[in-house]
There are 2 protein chains.
Amino acid sequence: MTPPITIVYYEDNRELREGISFLIQATPGLMLLGAFPNCQHVQDDLCDLQPDVALMDIDLPGLSGIDAVPLVKATSPKTQILMLTVFDDEDKIFRAIRNGASGYLLKHTAPADIIAAIFDLHRGGSPMTASIARKVLLHFQQPPSLPMTAAQPDDYRLSARELDIIKGLVAGYSYKLIAGELHISIDTVRSHIRSVYDKLQVNSKTEAILKAMREGLV
Amino acid sequence: MTPPITIVYYEDNRELREGISFLIQATPGLMLLGAFPNCQHVQDDLCDLQPDVALMDIDLPGLSGIDAVPLVKATSPKTQILMLTVFDDEDKIFRAIRNGASGYLLKHTAPADIIAAIFDLHRGGSPMTASIARKVLLHFQQPPSLPMTAAQPDDYRLSARELDIIKGLVAGYSYKLIAGELHISIDTVRSHIRSVYDKLQVNSKTEAILKAMREGLV
DNA sequence: ACCGGTTTCACATCTTTATGCGAGGCCGTT
DNA sequence: AACGGCCTCGCATAAAGATGTGAAACCGGT
């Protein structure tokens, strides 16, 4: 028998807290270590408990669940955080994710799915409500190719060496450093840069870097 | 009664194709317009059908499902694409996403969940298997703050004006342009840049831009 | 009233980039 | 063999950026 997944739970709504708590306790393989109405004392709470999973509401009185995320990670690094909230606000989502949350469910999620998500999370997955996932994905998709005509410039046909050079730029190196890194002369670097600018249709280091990053050429 | 969600399906494995096809046809609210063993003729297929949803396998003979994604989008822009695959390879995931896929499920997903995902997708969500979602999220999380000591420099205390300047840099502007934009002299821009470099602990435009972008200061 | 930070500007100097022009060697296709 | 693309290097000039030094004006707080 594998050891149970240990859990702490932060939720200010008493009914909900007791409901989910009961559900967790009733599920074999899960063990609830604590359920708190606010996260004023996250660090105290977690430093001893060191749970596998933290279920966190966002809209908590006092310290918001989002701001608590980094504290959780700092106090108990192995703890995976599952945000459980009514907000599908972009800003909140990304702040939580950047801070280190690993899953994000809206509260309308069925209780059974919440339980499933806890297992997913512990298995190394990132359960996400589909509508949340969409917002995240949109940040990866390149701006929808406006017209529907085929032929996307997608590929700028940079040569291998040119890619080396632009990687250097994106890494923040000067020509001199790139030359040293690649064991070529600075004039050669200049020469390649020329070609790169030509192909990317830009005319400054900054533009080239930004374009390369946005188009995912790096 | 709302009109059914129309679907096309690309999958080379005959058994699987027939199984899922049957399932779709048996589900009220879904309508299968076609199921193909390869996507050689996506554009021909879709130009008339204009389905709401395209279910695509990745590992297709000939033209890969990933490469077909942009073609689908070009031919039938309103079609939402759900990748269905055995690969949880980072590179494949991101190529599919960048190309415009809106959902990504691994094939071990239960048939009932696949059906649910189709509805999610059509509702504007992005169903994703938790393990896939994790890989995506990792690209958003800032490098795990190495030590656990509190107090991360997070906030570089840039002044309002300094933020204006760095926004200009990130937009790819030269000092001269920034000066024009903000109606100040180029020497003033230089002066602010100095402070910014100081606070960000960098010493070149490129480093400043990269740091600002990564730390989300913009 | 003094201090510190912000915003503005100036002048000088040195380094880095951008760009024009030229050139030899390598390699694969036609 | 001739052609085009790629990789290498050089020299030169003009523009942009980095850095040092200094300073006046404003504003909020001790």
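Letters A, B, ... mirror the listed sequences (proteins, then strands); counts begin at 1.
Between B:Ile165 atom CD1 and C:dT6 atom P there is a gap of 13 Å when expressed in whole angstrom units. For the pair B:His192 NE2 and C:dG5 C1', the interatomic distance rounds to 12 Å; values are reported in whole Å. The interatomic distance linking B:Asp164 (CG) with C:dT6 (P) rounds to 14 Å, in whole Å. One atom, NZ of B:Lys176, and another, P of C:dA18, lie 14 Å apart when rounded to the nearest Å. Taking atom CG on B:Asp187 and atom P on D:dA24, their separation rounds to 16 Å, with Å as the unit. For A:Ile178 and D:dT8, the CD1 to P distance is 13 Å, given to the nearest whole Å. Between the CG atom of B:Leu182 and the P atom of C:dT7 there is a distance of 11 Å, rounded to whole Å. Separating the CD1 atom of A:Ile186 from the P atom of C:dA18 is a distance of 11 Å, rounded to the nearest angstrom.
Nearest nucleotide to the A:Arg161 side chain, out of C:dT17, D:dT8, C:dT8: D:dT8. Considering only side-chain atoms of A:Arg190, the nucleotide from D:dA12, D:dC6, D:dT19 that sits closest is D:dA12. Distances from the side chain of A:Thr188 to the nucleotides D:dT21, D:dC9, C:dT19 place D:dC9 closest. For A:Ser159, taking side-chain heavy atoms from C-beta onward, the closest of the listed nucleotides C:dT7, C:dT17, D:dC7 is D:dC7. Nearest to the side chain of A:Lys205, among C:dA10, C:dT7, C:dA18, sits C:dA18.
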Apply side-chain contact (heavy atoms from CB on, under 4.5 Å) to residues A:Val42 and A:Val8 and explain how you reach the verdict. CA-CA 10 Å; A:Val42 227; A:Val8 298; over 6 Å; no
Does the side-chain contact (heavy atoms from CB on, under 4.5 Å) test come out yes or no for B:Arg161 and B:Leu182, once each step is laid out? CA-CA 9 Å; B:Arg161 210 46 165 172; B:Leu182 301 180; 3.9 Å; yes
Would A:Lys107 and A:Asp57 satisfy salt bridge (charged side-chain N to carboxylate O under 4.0 Å, His left out), going step by step from the backbone distance to the final call? CA-CA 9 Å; A:Lys107 279 194 179 168; A:Asp57 184 19; 3.3 Å; yes
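Both B:Ile193 and A:Ile184 sit near DNA chain D, but only A:Ile184 has its closest nucleotide nearer the 5' end. Comparing A:Ser174 and B:Ser185 by the nucleotide of DNA chain C that holds the closest heavy atom to each, the one mapping nearer the 5' end is B:Ser185.
Environment of OH in B:Tyr173: sparse, with no more than 12 heavy atoms of neighbouring residues, nucleotides or ligands closer than 6.0 Å.
A:Ser204 comes within 4.0 angstrom of sugar-phosphate atoms only, judged by non-hydrogen atoms across all strands, and of no base.
OP1 and OP2 of D:dG5 both lie 4.0 Å or more from every side-chain N or O belonging to A:Lys199. A sub-4.0 Å separation between OP1 or OP2 of C:dA18 and a side-chain N or O of A:Tyr197 is present.
Pairing each heavy atom of A:Gln50 with each of A:Thr75, the nearest pair is NE2-O, 3.1 Å.
Judged by atom type and distance alone, A:Arg194 reaches the base of C:dG20 through a side-chain donor-acceptor pair under 3.5 Å.
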